[in-house]
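Take a look at the structure below.
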Number of protein chains: 2
Amino acid sequence: MSGVRAQQKQKTRQALIVAAFNQLSAEHSFSNLSLREVAREAGIAPTSFYRHFKDMNELGLTMVDEAGLTLRQLMRQARRRIASGGSVINTSVLTFMEFIDTSSNQFRLLLRERSGTSKAFRAAVAREIQHFILELAHYLEAETPCDANHAYMQAEAMVTLVFNAGADALDQDVQQREELTERLIWQLRYIAKGANHYGTHQVNSKPS
Amino acid sequence: MSGVRAQQKQKTRQALIVAAFNQLSAEHSFSNLSLREVAREAGIAPTSFYRHFKDMNELGLTMVDEAGLTLRQLMRQARRRIASGGSVINTSVLTFMEFIDTSSNQFRLLLRERSGTSKAFRAAVAREIQHFILELAHYLEAETPCDANHAYMQAEAMVTLVFNAGADALDQDVQQREELTERLIWQLRYIAKGANHYGTHQVNSKPS
DNA sequence: TATTTTAGCGTACAAGTGTACGCTGAGATT
DNA sequence: AATCTCAGCGTACACTTGTACGCTAAAATA
């Protein structure tokens with residue numbers, strides 16, 4: 001049971017995933033990929049694809065998981081930087097922008113399938129984003145004078161803005177990205193300010 | 001020059017556009033459409049398609065324009081409601097949600113092509129959204145104590161949140177939509193509050 | 001060692017795609 | 001009335017796609 005067999009299988013399985021990611025780009029989305037092209041790039045026969053995934057759909061869901069994993073790992077790293085004395089907003093934003101830069105295809109997948117044609121895909125992406133929101137909400141509830149409900153809404157708004165800024169950044173050059181990032185940081189400050197205002201007291205009263 | 005000829009041409013051209021919109025759905029995106037299927041639904045031969053558009057791409061851009069037009073018309077209507085004494089945030093949000101409900105396929109197109117595979121598409125959608133942002137920014141600058149720069153950032157953040165909430169709403173039932181709308185309204189208040197705080201005075205000082 | 005399992009291959013096929021080409025007949029133009 | 005224009009059609013072709021089926025050789029198991 002040395003597992004030479006299973007080991008090789010994992011290897012080509014991974015080759016398929018890598019091949020699929022490589023074929024994603026600004027001009028090529030997941031739904032444009034064909035089983036045959038992916039198999040070709042992975043160096044196996046089209047029909048061998050089925051030894052690993054029953055479907056292109058199944059491949060896609062695996063890719064979403066993988067992208068989510070990458071993102072979560074990066075953000076864990078961000079939390080370490082924050083713990084050792086970085087500004088929360090700045091560090092998080094910069095880390096996210098780093099993700100977009102170094103793993104743009106993974107981000108593109110999440111971004112596109114969020115509003116894609118497969119309900120399963122949309123749900124999978126929504127789950128990944130939800131992770132983020134909950135984590136941030138938990139942090140905000142603990143570290144700022146905000147009740148749970150407002151902490152959640154605040155987190156949701158922030159994650160939405162960050163994610164969207166990431167999407168815009170994909171098409172931009174360095175100069176534009178810097179301006180975008182600066183605007184984003186201001187916008188996050190707005191939200192923090194507003195949430196702390198409304199979330200701290202008189203939660204149920206209408207604002208003026 | 002009665003134009004019977006040209007009139008008929010416009011008619012089938014419109015039939016193509018309608019056919020294409022009809023084939024959009026939660027499970028079917030623009031890039032899934034085939035020229036042949038669109039032509040079939042419009043009731044013409046595949047090759048006749050070329051009498052109207054050089055490309056599926058050209059059809060798509062026309063559709064984006066049309067969707068943008070619908071949206072702008074709806075928002076003009078919203079402005080009238082506001083002028084006759086409605087709350088700004090509430091009225092705008094409700095109007096937008098109405099757009100998503102009654103013209104979901106048009107919204108889906110904008111939503112998806114915003115991060116789609118064609119740069120021209122992305123630019124076209126970005127332009128439509130930019131209209132919105134500028135219009136709102138102008139309003140905010142005039143009606144609230146906010147300098148131009150902060151008014152723009154505020155408007156951008158608000159439009160982003162509204163647009164994204166619309167995207168989420170597409171998959172939701174009435175109950176969930178109500179909750180979503182309520183959260184959205186709070187989030188917009190956060191932004192308004194924060195922007196007025198930072199944008200009114202001491203613009204260049206760091207927040208506490 | 002003999003047997004079973006299985007990753008990967010090659011062949012084959014039906015279905016669908018975009019589009020080149022030439023024709024027709026009904027409006028438009030002269 | 002004679003001519004031109006051109007929206008729409010049908011045929012045809014070269015491709016690409018997913019996948020069913022059966023084979024092989026090497027690893028795993030007995």
Side-chain angles (χ1 to χ4, degrees), chain A residues 1-25 27-63 112-113 116-121, chain B residues 1-25 27-63 112-113 116-121:
Chain A
M1 59 166 335
S2 64
V4 172
R5 192 72 176 250
Q7 205 172 325
Q8 177 58 28
K9 182 169 184 181
Q10 276 305 311
K11 208 169 153 188
T12 57
R13 184 190 148 99
Q14 198 58 31
L16 282 169
I17 295 173
V18 169
F21 269 122
N22 281 344
Q23 297 195 351
L24 292 184
S25 71
E27 295 78 28
H28 229 78
S29 79
F30 178 78
S31 65
N32 298 142
L33 298 189
S34 84
L35 183 155
R36 285 176 106 105
E37 273 191 18
V38 171
R40 196 177 308 139
E41 172 144 350
I44 65 171
T47 48
S48 301
F49 179 94
Y50 298 105
R51 302 292 182 194
H52 303 276
F53 304 97
K54 103 174 205 295
D55 234 15
M56 277 297 282
N57 242 348
E58 202 174 285
L59 206 209
L61 289 175
T62 307
M63 289 168 76
R112 286 182 177 143
E113 299 312 324
T117 45
S118 154
K119 192 150 194 168
F121 273 55
Chain B
M1 58 169 333
S2 65
V4 172
R5 193 71 178 254
Q7 205 173 324
Q8 177 58 29
K9 182 167 185 183
Q10 277 305 311
K11 208 169 153 190
T12 56
R13 184 189 149 99
Q14 199 57 30
L16 282 168
I17 296 173
V18 169
F21 269 122
N22 282 342
Q23 298 195 350
L24 293 184
S25 71
E27 297 77 26
H28 227 79
S29 80
F30 179 79
S31 65
N32 297 144
L33 299 189
S34 87
L35 184 154
R36 286 177 106 103
E37 273 192 18
V38 171
R40 196 176 309 138
E41 172 144 350
I44 65 171
T47 49
S48 300
F49 179 94
Y50 298 105
R51 301 292 182 193
H52 303 275
F53 304 98
K54 102 174 206 297
D55 235 15
M56 278 296 283
N57 242 347
E58 204 174 283
L59 207 209
L61 289 175
T62 306
M63 289 168 76
R112 285 184 178 142
E113 298 312 323
T117 45
S118 156
K119 192 153 195 168
F121 273 54

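Below, read A as the first sequence line, B as the second, and so on, with proteins coming before strands; counting in each chain starts at 1. These values consider heavy atoms only, across backbone and side chains, with no hydrogens, waters or symmetry-generated copies.
Rounded to whole Å, the distance from CZ on B:Phe53 to P on D:dA7 is 13 Å. Taking atom CZ on B:Arg13 and atom P on D:dA7, their separation rounds to 12 Å, with Å as the unit. The interatomic distance linking B:Tyr50 (OH) with D:dC9 (P) rounds to 14 Å, in whole Å. Rounded to whole Å, atom C1' of D:dA27 lies 13 Å from atom NZ of A:Lys9. Distance B:Lys11 NZ to D:dG8 P: 11 Å, rounded to the nearest Å. Atom pair A:Asn57:CG and D:dT19:P shows a separation of 11 Å (rounding to whole Å applied). Distance, B:Phe49 CZ to D:dC9 C1': 16 Å, rounded to whole Å. Computed from coordinates, the A:Arg5 CZ to D:dA28 P distance equals 7 Å when rounded to whole Å.
For A:Thr47 against D:dG18, no side-chain N or O and base N or O form a donor-acceptor pair under 3.5 Å. The base of C:dT6 is not paired with the side chain of A:Arg51 by any donor and acceptor separated by under 3.5 Å. Interface remark: the B:Ser34 side chain does not form any donor-acceptor pair with the C:dG18 base, using a distance-only criterion of under 3.5 Å. Donor-acceptor pairing under 3.5 Å, judged by distance alone, is present between the side chain of B:Arg36 and the base of C:dG18.
Considering every non-hydrogen atom in both B:Ala19 and B:Ala42, the closest pair reads CB-N, 3.9 Å. When all heavy atoms of B:Glu37 and B:Gln23 are compared, the closest pair comes out as O-NE2, 3.3 Å.
Closest to the side chain of B:His52, from the set C:dA7, D:dG8, C:dG8, is D:dG8. When distances are taken from the side chain of A:Gln8 to each of C:dG8, C:dG27, D:dG8, the shortest belongs to C:dG8.
Under 4.0 angstrom from either OP1 or OP2 of D:dA7 there lies no side-chain N or O belonging to B:Ser48.
Here the CG atom belonging to B:Asn22 is positioned 12.0 Å from the CD1 atom belonging to B:Ile17, to the nearest 0.5 angstrom.
Between B:Ile44 and A:Leu35, the residue anchored nearer the 5' end of DNA chain D, judged by the nucleotide with its closest heavy atom, is B:Ile44.
Looking at heavy atoms from C-beta onward, A:Leu16 lies in side-chain contact with A:Ile44 at the 4.5 angstrom threshold. Side-chain contact check for B:Phe53 versus B:Arg13: some heavy-atom pair is nearer than 4.5 Å.
Residue A:Glu37 is classed as a sugar-phosphate contact, given heavy-atom separations below 4.0 Å to backbone atoms only.
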